[in-house]
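These notes are about the structure you will find just below.
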Amino acid sequence: MASSFTMVTPEIGEYIQQRFSTEDSFLRQLRDDMAEADIPAISIGGEQAAFLQVFLRSMNASRVLEIGSLGGYSSIAMARVLQGENRKMVCLEKEGDFCDFIERKAREAALETVIEVHSGEAMSTLQNVSWQLPFDAVFIDADKPNYLNYFHSVLPLVRKGGVIIADNTLAWGEIHNPNTTFEPDNVHALQEYNDHISGRTDVLSCLVPIGDGMTISYKL
């Protein structure tokens with residue numbers, strides 16, 4: 001028998017956003033500036049940013065890696081709560097113009113010494129950059145067919161007790177549907193990701209139904 005589950009209706013979603021969003025005037029302006037720069041409006045929501053901030057703060061995170069930084073919304077939100085003198089938010093973003101945008105916004109947010117941006121294909125960057133290890137957390141929000149490749153690449157870079165968080169793992173509401181016709185390549189990749197992660201014994205994982213879903217894996 002299925003356990004009781006409260007459906008997040010649009011009204012409940014609005015309730016959460018109104019009370020538990022970390023979006024301030026800077027992040028609202030960042031969204032507007034992203035639109036003006038023709039950067040896709042697919043950043044995480046303010047309530048997801050709040051969740052990430054609480055999560056990272058609770059584990060006293062100082063080093064975070066993000067795969068797929070877009071315009072820097074999630075990067076800046078996470079960088080704000082990192083702890084320690086050597087805190088670092090490392091951003092991997094494919095598009096060079098987006099990287100320039102992130103660096104400009106990092107300066108405006110007075111986070112230029114915290115946010116470090118790498119341009120290019122993430123898989124190539126992961127293989128060719130010498131990292132200062134380990135990372136406390138990794139946030140994956142990039143091309144869905146590579147999610148499992150990213151997971152396998154970053155797992156050795158994360159400390160014991162660290163986390164890997166993958167976004168969009170409810171697949172726009174299609175995660176349960178093996179016969180989906182909505183972006184099937186992306187949805188099937190996310191289904192494969194969840195199936196694989198849920199069966200691993202070296203991580204403890206859960207799927208949090210916030211935003212479009214976040215699968216969180218704690219490294220044992």
Side-chain angles (χ1 to χ4, degrees), residues 16-122 125-126 129 131-143 150 154 157-158 162-168 208 210-212 214 216:
I16 295 171
Q17 291 170 3
Q18 287 179 354
R19 290 163 177 80
F20 297 101
S21 171
T22 193
E23 185 166 287
D24 59 6
S25 59
F26 183 91
L27 291 175
R28 283 192 293 273
Q29 184 62 51
L30 176 58
R31 285 193 190 277
D32 293 341
D33 293 345
M34 286 174 60
E36 190 172 317
D38 292 325
I39 298 175
I42 53 175
S43 296
I44 63 171
E47 74 284 3
Q48 291 176 285
F51 174 81
L52 290 172
Q53 287 186 337
V54 170
F55 202 98
L56 294 175
R57 195 64 176 266
S58 71
M59 63 185 298
N60 200 35
S62 63
R63 293 186 55 78
V64 174
L65 171 66
E66 178 177 58
I67 301 177
S69 295
L70 199 63
Y73 184 101
S74 52
S75 312
I76 289 172
M78 289 188 283
R80 285 175 167 179
V81 300
L82 299 184
Q83 304 294 297
E85 294 181 0
N86 298 317
R87 62 193 188 277
K88 188 65 68 175
M89 178 74 234
V90 180
C91 305
L92 309 189
E93 172 52 49
K94 177 181 177 181
E95 301 295 336
D97 290 347
F98 295 0
C99 292
D100 294 340
F101 181 92
I102 295 169
E103 290 178 335
R104 175 163 60 87
K105 288 302 176 180
R107 290 191 295 270
E108 292 177 11
L111 291 168
E112 66 271 21
T113 62
V114 178
I115 293 178
E116 174 185 314
V117 184
H118 293 264
S119 176
E121 296 283 353
T125 304
L126 286 168
V129 172
W131 304 103
Q132 182 182 345
L133 300 175
F135 289 104
D136 298 297
V138 177
F139 183 51
I140 303 174
D141 190 11
D143 53 310
Y150 294 142
V154 302
L157 310 181
V158 176
V163 297
I164 299 172
I165 304 172
D167 195 30
N168 296 113
V208 180
I210 185 171
D212 190 35
M214 291 181 173
I216 302 173

Between OG on residue Ser75 and CZ on residue Arg80, distance to nearest 0.5 Å: 12.0 Å

Yes or no on side chain to side chain contact (heavy atoms under 4.5 Å, CB included) for Glu103 and Ile115, after CA distance, side-chain angles and deciding distance? CA-CA 8 Å; Glu103 290 178 335; Ile115 293 178; over 6 Å; no

Closest heavy-atom pair, Ser119 versus Gly96, reported as atoms and distance to 0.1 Å, is OG-CA, 3.6 Å

State, with a plain yes or no, whether a side-chain heavy atom of Met89 is found less than 4.5 Å away from one of Glu116. no

Quick one: closest heavy-atom pair of Asp136 and Met59, and the distance? O-CE, 3.3 Å

Near Gln18 CD, under 6.0 Å, is it more than 12 heavy atoms from other residues, nucleotides or ligands? yes

No-hydrogen, no-angle side-chain donor-acceptor test under 3.5 Å, Ser62 and Gln83: no

Which atom names give the shortest non-hydrogen contact between Gly68 and Ala142, and what distance separates them? CA-CB, 4.0 Å

Given side chains that start at C-beta, do those of Glu36 and Asp32 come closer than 4.5 Å, heavy atoms only? no

Locate the shortest heavy-atom distance separating Leu111 from Ala79; write the atom from each residue and the value. CD1-CB, 4.0 Å

Could you tell me whether the side chain of Leu65 reaches within less than 4.5 Å of the side chain of Phe139, counting heavy atoms only? no

Taking atom CZ of Phe26 as the centre, does the number of heavy atoms from other residues, nucleotides or ligands within less than 6.0 Å exceed 12? yes

Within-4.5 Å side-chain heavy-atom neighbours: Arg87 and Glu85: no

Looking only at side-chain N and O atoms, does Gln48 offer a donor or acceptor that is under 3.5 Å from a partner on Asp167? yes

Check the pair Phe55 / Ile216 against side chain to side chain contact (heavy atoms under 4.5 Å, CB included), numbers first and verdict last. CA-CA 11 Å; Phe55 202 98; Ile216 302 173; 3.8 Å; yes

Side chains of Asp143 and Tyr150: closer than 4.5 Å at any heavy-atom pair? yes

So, Ser74 and Glu66: side-chain donor and acceptor under 3.5 Å apart, yes or no? yes

Rounded to the nearest 0.5 Å, what's the gap from CD1 on Ile42 to OH on Tyr73? Could you check? 14.0 Å

Distance col, row Phe101:CZ vs Asp38:CG, nearest 0.5 angstrom, shows 11.0 Å

Just how far is it from atom CD1 of Ile164 to atom CD1 of Ile67, taken to the nearest 0.5 Å? 8.5 Å

Given side chains that start at C-beta, do those of Phe135 and Val64 come closer than 4.5 Å, heavy atoms only? no

Counting N and O atoms only, with roles assigned by atom type, does the side chain of Glu93 sit under 3.5 Å from a partner on the main chain of Glu95, one being a donor and the other an acceptor? yes

Hey, is Arg31 close enough to Glu23 for a salt bridge, meaning N to O under 4.0 Å? yes

Are any of the side-chain heavy atoms of Gln132 and Lys88 separated by less than 4.5 Å? no

For Leu126 and Trp131, run side chain to side chain contact (heavy atoms under 4.5 Å, CB included): C-alpha distance rounded to whole Å, both residues' side-chain angles, the deciding distance at 0.1 Å, then the answer. CA-CA 9 Å; Leu126 286 168; Trp131 304 103; 4.2 Å; yes

Could you tell me if Thr22 and Gln53 have a donor-acceptor pair between their side chains, going purely by distance under 3.5 Å? yes

Should Leu52 and Met214 count as side-chain neighbours, where that means a heavy-atom distance under 4.5 Å? yes

For Ala137 and Leu56, which heavy atoms make the closest approach, and how far apart are they? CB-CD2, 3.7 Å

Would you mind checking if Glu108 and Arg104 are paired as a salt bridge, meaning a charged N to carboxylate O distance below 4.0 Å? yes

Please round to the nearest 0.5 Å and tell me the distance separating atom CD1 of Ile102 and atom CE of Met34. 8.5 Å

Any chance you could measure Ser43, atom OG, to Ile76, atom CD1, to the nearest 0.5 Å? 10.0 Å

Could you report the tightest heavy-atom contact between Leu30 and Lys105, atom names first, then the distance? CD1-CG, 3.5 Å

Could you walk me through whether Val163 and Val158 pass the side chain to side chain contact (heavy atoms under 4.5 Å, CB included) check? CA-CA 7 Å; Val163 297; Val158 176; over 6 Å; no

